[in-house]
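As the structure lists them, so they are numbered: ligands from 1, and atoms in each ligand from 1.
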Amino acid sequence: MKQIVTGGQMKLLDSYTIEKMGIPSLVLMERAALSVCQALREEEFPLEKVLVLCGTGNNGADGVAVARMLHAAGVSVDICILGKKDHYTEEMRKQVDIAENYHISFVKNAVPVEYTTIVDAVFGVGLSREVGGVYRDTIEALNRSDAKVMAVDIPSGISADTGKVLGCAVKADVTVTFAYEKAGLLFYPGASYARKIKTADIGIYMPPQNDFELSIQSCEDKDLFRIPVRKPDGNKGTFGKIFLAAGSRDISGAAYLSACAALRTGAGMIKVHTRQENRQALTTMLPEAMYSFYDDEEIEKEQILEGLAWADVIGVGPGMGTGQQAEDILYTILAEGRKPLLIDADGLNLLAGRMEVLAQYPAPVIVTPHLGEFSRISGVSVEEWKEAPLYLTKRFAHKYHLTVVCKDSRTVISDGSEEIFINTSGNSGMATAGSGDVLSGILMGLLAQGLSAIDAASLGVYFHGAAGDMAAAQKGEYSMIAGDIITQTAEILKKRGAVL
Ligand SMILES: NC(=O)C1=CN([C@@H]2O[C@H](COP(=O)(O)OP(=O)(O)OC[C@H]3O[C@@H](n4cnc5c(N)ncnc54)[C@H](O)[C@@H]3O)[C@@H](O)[C@H]2O)[C@@H](O)CC1
Ligand SMILES: [K+]
């Protein structure tokens, strides 16, 4: 698990390290600048003629220190400072004094096209408003040049919290970020402005007790090993039984994909409750599942109650439609279910405006809305969410005691506690029909094997994205389809099994 921070959190950690632990600010800065110089070499930047563009804050001070190190190593480097001298921070003043002692060239109106490499040290985590004026003109000229661009800490103009472009922003080739990745480097569009991210240890201290309202985490490959080990003496019951209400008169694919993904993730048994019309298709495509069917008559409440009593995990929603029968099934489950419950797709559409009914549910509930569905069930518009994705997802999860998987290019997962997850696996090929059904199947499969709701959700989303990345490597982002994600799910678990 990787720790991620907001801009405000990073500033607190900087001050804690300086004031409480006693490491001088200039020492941190020296390490920061060294790490940038090292990355310039590792990433083979063309250092024939380098421009370091600096702001007046400590990001600019980092830049001046980088210029000094390059100059000392014999590189031809110019420093251009944007902003007034009387705005310099103390560290910036000091770095400029040192650079002047080294007789480094300072230029007033840099012409970006004249350089082979540009180091962007205009704004870091201190960016507090829209970028305009000379800053904007210079950043736009930089983006038009052919120079290779290294961003110091974060591309200038990107919000460290949301990844939004504040007016305009530097398009970097590589970003060296200090101590922890900032949330704004993970969310789009920030992620595409930062491109390749390298995280440098500069000696920042993380106190064991901090007052952060959010502790932001991001899963990595090694977290896949938290998927429970198969018990050699286990039976079908050991690995969990799932009751899934899915599919409707015209839709059988969603039920198939979700049920198949749950079994492929390792669940012991699944029973799909669906419309009679799906009998032939589903029993042919997935004979491994069990089924109960209903038709135009009233929904078979007895069948549902039987399924709920039998199951360890309940799922409802994929391809179910939003008609009266779907609504009756959902509300029967909400009234009678006693096991961990996953609600997806149409299940969520049926809940819009009535979320308080979930408060009575006696076991953990996971909901998996995409942003549009999240907007419908929470009343938060997509634009509002993009302004504060972490806070708004947490607030909604907390209000209704849910684990929320808010699906977007960077999915956010929260159970309302201070620990919140941003997912970084996956690719645009996963924006394909049925991909969400596969995710719901994976999450049920992990719940069935005993993971808690938040572990199943955070790990399952990462797992789904990782399988999607493998599918894209094989089929390409254009051609991959949801079924390919299921195939790769099996490949990932095979490797996991082989290691143990
Ligand atoms: N000692 C420290 O505090 C350390 C700081 N570090 C660096 O310092 C950075 C943070 O430094 P600061 O907090 O000084 O902030 P920044 O250097 O990111 O920027 C703040 C400055 O920009 C101005 N500003 C903000 N938005 C603007 C806008 N839209 N247009 C024009 N001016 C604007 C502010 O008024 C302020 O002068 C980090 O990102 C990191 O690069 C690192 O060197 C590690 C140590
Ligand atoms: K920067």
Side-chain angles (χ1 to χ4, degrees), residues 5-37 39 51-66 68-69 80-96 118-139 142-143 149-161 164-185 190 193-195 197 199-205:
V5 296
T6 62
Q9 290 175 342
M10 194 61 233
K11 285 188 151 220
L12 287 174
L13 294 176
D14 282 344
S15 342
Y16 194 97
T17 307
I18 295 162
E19 283 151 30
K20 294 271 187 342
M21 307 310 286
I23 301 190
S25 178
L26 287 173
V27 170
L28 297 175
M29 211 162 258
E30 203 70 3
R31 289 185 69 174
L34 275 169
S35 69
V36 172
C37 291
L51 172 67
V52 183
L53 266 182
C54 302
T56 55
N58 283 350
N59 194 249
D62 288 340
V64 178
V66 169
R68 185 226 316 146
M69 288 172 191
C80 175
I81 302 175
L82 306 174
K84 297 199 184 92
K85 224 176 189 154
D86 50 357
H87 290 160
Y88 287 6
T89 56
E90 195 188 324
E91 288 86 346
M92 180 63 177
R93 269 202 305 277
K94 186 80 194 157
Q95 294 292 357
V96 170
I118 300 178
V119 176
D120 157 38
V122 182
F123 304 120
V125 297
L127 178 70
S128 53
R129 53 190 189 276
E130 292 263 313
V131 176
V134 65
Y135 295 98
R136 187 186 186 114
D137 297 344
T138 311
I139 288 174
L142 180 161
N143 286 341
V149 178
M150 166 72 76
V152 175
D153 209 16
I154 186 165
S156 299
I158 294 296
S159 155
D161 297 348
K164 286 191 82 164
V165 174
L166 296 180
C168 79
V170 167
K171 291 193 175 119
D173 295 288
V174 178
T175 297
V176 174
T177 199
F178 305 132
Y180 300 101
E181 283 179 44
K182 318 299 178 284
L185 296 172
Y193 280 73
R195 293 265 206 101
I197 298 169
T199 308
D201 174 12
I202 62 163
I204 296 293
Y205 180 77

Are any non-hydrogen side-chain atoms of Leu53 and Leu142 less than 4.5 angstrom apart?
yes
Quick one: does Gln9's side chain have a donor or acceptor within less than 3.5 Å of a partner on Thr6's backbone?
yes
Please state whether the separation between the K ion (ligand 2) and some N/O/S atom of Ala121 is under 3.4 Å?
no
Amino acids in close contact with ligand 1, where any non-hydrogen atom sits under 4.0 angstrom away:
Lys11, Asp14, Ile18, Ser25, Leu28, Met29, Thr56, Gly57, Asn58, Asn59, Asp62, Phe123, Gly124, Val125, Gly126, Leu127, Ser128, Arg129, Glu130, Val131, Tyr135, Asp153, Phe178, Ile202
Got a list of side-chain donor-acceptor pairs under 3.5 Å for residues 119-128, not counting sequence neighbours?
from: Asp120; atom 1: OD1; to: Val122; atom 2: N; distance (Å): 3.3
from: Asp120; atom 1: OD1; to: Ser156; atom 2: OG; distance (Å): 2.5
from: Asp120; atom 1: OD2; to: Ser156; atom 2: N; distance (Å): 2.9
from: Asp120; atom 1: OD2; to: Ser156; atom 2: OG; distance (Å): 3.2

Check all N, O or S atoms of Asp120 and name the one closest to the K ion (ligand 2).
O
Side chain to side chain contact (heavy atoms under 4.5 Å, CB included), that's the test. Do Glu30 and Ile202 meet it? Break it down for me.
CA-CA 8 Å; Glu30 203 70 3; Ile202 62 163; over 6 Å; no
Taking 3.4 Å as the cut-off, does an N/O/S atom of Ile154 lie below it from the K ion (ligand 2)?
yes
Closest non-hydrogen atom pair between Ala151 and Ala172, with its separation
CB-CB, 3.8 Å
Quick one: do Asp161 and Lys182 make a salt bridge, cutoff under 4.0 Å?
no
List the atom pairs, with distances to 0.1 Å, where a side-chain N or O of residues 81-94 and a protein N or O form a donor-acceptor pair under 3.5 Å, not counting sequence neighbours.
from: Thr89; atom 1: OG1; to: Asn58; atom 2: OD1; distance (Å): 2.7
from: Thr89; atom 1: OG1; to: Met92; atom 2: N; distance (Å): 3.2
from: Glu91; atom 1: OE2; to: Ser25; atom 2: OG; distance (Å): 2.7

Any N/O/S of Gly55 under 3.4 Å from the K ion (ligand 2)?
no
Run the side chain to side chain contact (heavy atoms under 4.5 Å, CB included) test on Thr177 and Leu185 for me, step by step, so that the C-alpha distance in whole Å, both residues' side-chain angles and the decisive distance to 0.1 Å come before the verdict.
CA-CA 9 Å; Thr177 199; Leu185 296 172; 3.5 Å; yes
Output field for angle at the K ion (ligand 2), Ser156.OG vs Val152.O, rounded to 10°, should show 180°
Would you please name every residue forming a salt bridge (Lys or Arg N to Asp or Glu O under 4.0 Å) with Asp137, sequence neighbours left out?
none
Metal site the K ion (ligand 2): N/O/S of Asp153 inside 3.4 Å:
no
To the nearest 10°, what's the angle at the K ion (ligand 2) between atoms OD1 (Asn59) and O (Phe123)?
70°
